[in-house]
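Residue numbers start at 1 and run along the sequence shown.
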Amino acid sequence: MRDAYHEELDSIGDGLVEMARLVGSAIGRATTAILDSDLKLAEAVIEADQKVDDLQHELEARAITLLARQQPVATDLRIVVTSLRMSADLERSGDLAQHVAKLARLRYPERAVPHDLHATILEMGQLAQRLMAKAAEVIITKDVDLALQLEQDDDAMDLLHRTLFQHLMDDRWKHGIETAVDVTLLGRYYERYADHAVAVAKRVVYLVTGEHADDLQSDLQPTTQVEGA
């Protein structure tokens with residue numbers, strides 16, 4: 001019975017990794033769809049999000065069954081509860097990738113992204129995919145140091161997000177209001193996607209250490225000694 005219990009716990013972790021891989025692929029394909037105005041690819045991303053939703057529902061059902069039958073305590077309880085929260089972050093990430101694909105479909109056959117912003121959106125898409133791949137690795141390895149790095153990696157996404165707004169606020173903007181709205185939405189989708197990847201990593205830190213990542217990072221900050229003190 002105990003072996004079956006731990007196998008079920010492991011299967012929840014496997015489900016989280018699969019969700020992370022699916023939403024990582026989704027944001028990459030959605031980025032291609034939005035930049036290339038690829039309707040077929042956009043539709044595929046939109047339809048594939050159902051699999052992410054199904055995985056979340058399945059994972060939730062497993063977790064609730066474990067809570068009811070096994071009444072886990074201490075670390076095992078933390079695994080179950082934290083896994084539920086991670087699944088919600090991953091499901092939301094899938095929704096955000098779907099939003100990018102839906103925008104590509106909405107503007108087809110036109111392109112939602114002006115040519116002069118292609119490089120920025122491409123970089124945001126690639127960074128989002130890398131962040132989620134790292135989040136998946138953190139789920140597998142339970143590597144706290146790697147998990148804590150994700151927040152620093154997310155700074156690059158915040159910088160790209162600000163770059164978009166600089167373009168939008170520039171007096172030389174010539175692409176109209178509709179495109180400005182599209183770009184604003186895209187920037188928000190990628191920025192929020194990255195936030196969810198970071199949240200997943202932070203939850204792994206809590207799962208492993210029992211401490212919140214923000215508190216742990218504060219403890220790890222080097223203290224600067226005042227000269228002569």
Side-chain angles (χ1 to χ4, degrees), residues 16-56 87 89-140 150 153-168 173-201:
L16 290 170
V17 172
E18 179 65 13
M19 285 183 72
R21 287 173 174 165
L22 286 172
V23 301
S25 172
I27 199 65
R29 295 193 301 151
T31 301
T32 299
I34 197 78
L35 293 178
D36 294 349
S37 191
D38 188 329
L39 180 60
K40 184 176 180 181
L41 184 57
E43 293 283 11
V45 173
I46 293 166
E47 291 175 10
D49 188 57
Q50 184 60 50
K51 185 172 182 181
V52 176
D53 294 343
D54 291 343
L55 275 171
Q56 188 200 18
S87 74
D89 283 312
L90 293 168
E91 188 275 334
R92 185 58 185 146
S93 299
D95 287 346
L96 290 162
Q98 187 184 57
H99 291 341
V100 174
K102 284 183 175 179
L103 185 56
R105 182 176 67 180
L106 178 65
R107 297 302 175 215
Y108 180 84
E110 303 299 325
R111 293 174 186 255
V113 180
H115 182 73
D116 52 335
L117 288 180
H118 269 221
T120 302
I121 294 297
L122 176 61
E123 191 172 354
M124 292 181 87
Q126 291 174 338
L127 178 57
Q129 196 167 7
R130 288 197 302 273
L131 283 168
M132 191 56 72
K134 190 174 283 190
E137 185 178 352
V138 167
I139 295 171
I140 295 169
L150 257 79
D153 296 340
D154 183 48
D155 291 342
M157 183 67 82
D158 293 337
L159 180 59
L160 289 167
H161 195 204
R162 288 195 295 272
T163 298
L164 282 184
F165 274 96
Q166 289 170 358
H167 280 279
L168 291 168
W173 178 263
K174 57 179 186 246
H175 304 294
I177 294 175
E178 183 178 85
T179 301
V181 171
D182 289 346
V183 170
T184 301
L185 288 172
L186 280 173
R188 182 62 174 162
Y189 296 154
Y190 286 113
E191 188 263 341
R192 289 298 299 142
Y193 183 102
D195 286 347
H196 284 294
V198 171
V200 168

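Contact between Leu168 and Thr184 at its shortest, heavy atoms only, is CD1-OG1, 3.3 Å. Shortest non-hydrogen contact noted between Pro114 and Trp173 is CG-CH2, 4.1 Å. Counting all heavy atoms, side chain and backbone alike, Ala97 lies closest to Ala30 at O-CB, 3.4 Å. Between Gln129 and Gly28 the shortest heavy-atom distance is OE1-CA, 3.4 Å. Here the closest heavy-atom approach between residue Ala33 and residue Leu41 is recorded as N-CD2, 3.8 Å. Scanning all heavy atoms of the two residues, the minimum distance from Ala135 to Val200 falls at CB-CG1, 4.2 Å.
For the atom pair Leu103 CG and Ile34 CD1, the distance stands at 4.0 Å (nearest 0.5 Å). The distance from atom CD1 of Ile139 to atom CG of Leu90, rounded to the nearest 0.5 Å, is 5.5 Å. Note: Leu160 CG to Gln126 CD = 10.5 Å, rounded to the nearest 0.5 Å. Going from atom CZ of Arg192 over to atom CG of Asp95 covers 12.0 Å, rounded to the nearest 0.5 Å. With rounding to the nearest 0.5 angstrom, the CG atom of Asp54 is 9.5 Å from the CG atom of Asp49. Here the straight-line distance linking atom NZ of Lys51 with atom CE of Met19 works out to 12.0 Å at 0.5 Å rounding.
A donor-acceptor contact shorter than 3.5 Å links the side chain of Ser37 to the backbone of Pro109. Side-chain atoms of Ser93 come within 3.5 Å of backbone N or O of Asp89 as a donor-acceptor pair.
Two residues are said to be in side-chain contact when any heavy atoms from C-beta on lie closer than 4.5 Å; Met132 and Ile27 fail this criterion. Put simply, the side chain of Tyr190 reaches to within 4.5 Å of the side chain of Val100, judged on heavy atoms. Between Thr120 and Glu123, every side-chain heavy-atom pair lies at or beyond the 4.5 Å cut-off. The side-chain heavy atoms of Leu131 and Tyr193, taken from C-beta on, include no pair separated by under 4.5 Å.
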Could you walk me through whether Val183 and His175 satisfy the side chain to side chain contact (heavy atoms under 4.5 Å, CB included) test, starting with their C-alpha distance in whole Å, then the side-chain angles of each, then the deciding distance to 0.1 Å, before giving a yes or no?
CA-CA 10 Å; Val183 170; His175 304 294; over 6 Å; no
Note to self: Please determine whether side chain to side chain contact (heavy atoms under 4.5 Å, CB included) holds for the pair Leu185 and Val181, giving the CA-CA distance in whole Å, both sets of side-chain angles, and the decisive distance to 0.1 Å.
What the structure shows: CA-CA 6 Å; Leu185 288 172; Val181 171; 4.1 Å; yes
Exercise for review: Show your working on salt bridge (Lys or Arg N to Asp or Glu O under 4.0 Å) between Arg188 and Glu191 and close with a plain yes or no.
Suggested key: CA-CA 5 Å; Arg188 182 62 174 162; Glu191 188 263 341; 2.6 Å; yes
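More than 12 heavy atoms of other residues, nucleotides or ligands shown are found within 6.0 angstrom of CG on Leu159.
Classified by interplanar angle (parallel below 30°, tilted 30° to 60°, perpendicular above 60°), the ring pair His115/His118 is tilted.
Taking the salt bridge (Lys or Arg N to Asp or Glu O under 4.0 Å) definition, one finds that Glu91 meets it with nothing, sequence neighbours left out.
Identified under the salt bridge (charged side-chain N to carboxylate O under 4.0 Å, His left out) test for residues 22-44, with sequence neighbours left out: Glu43-Arg105.
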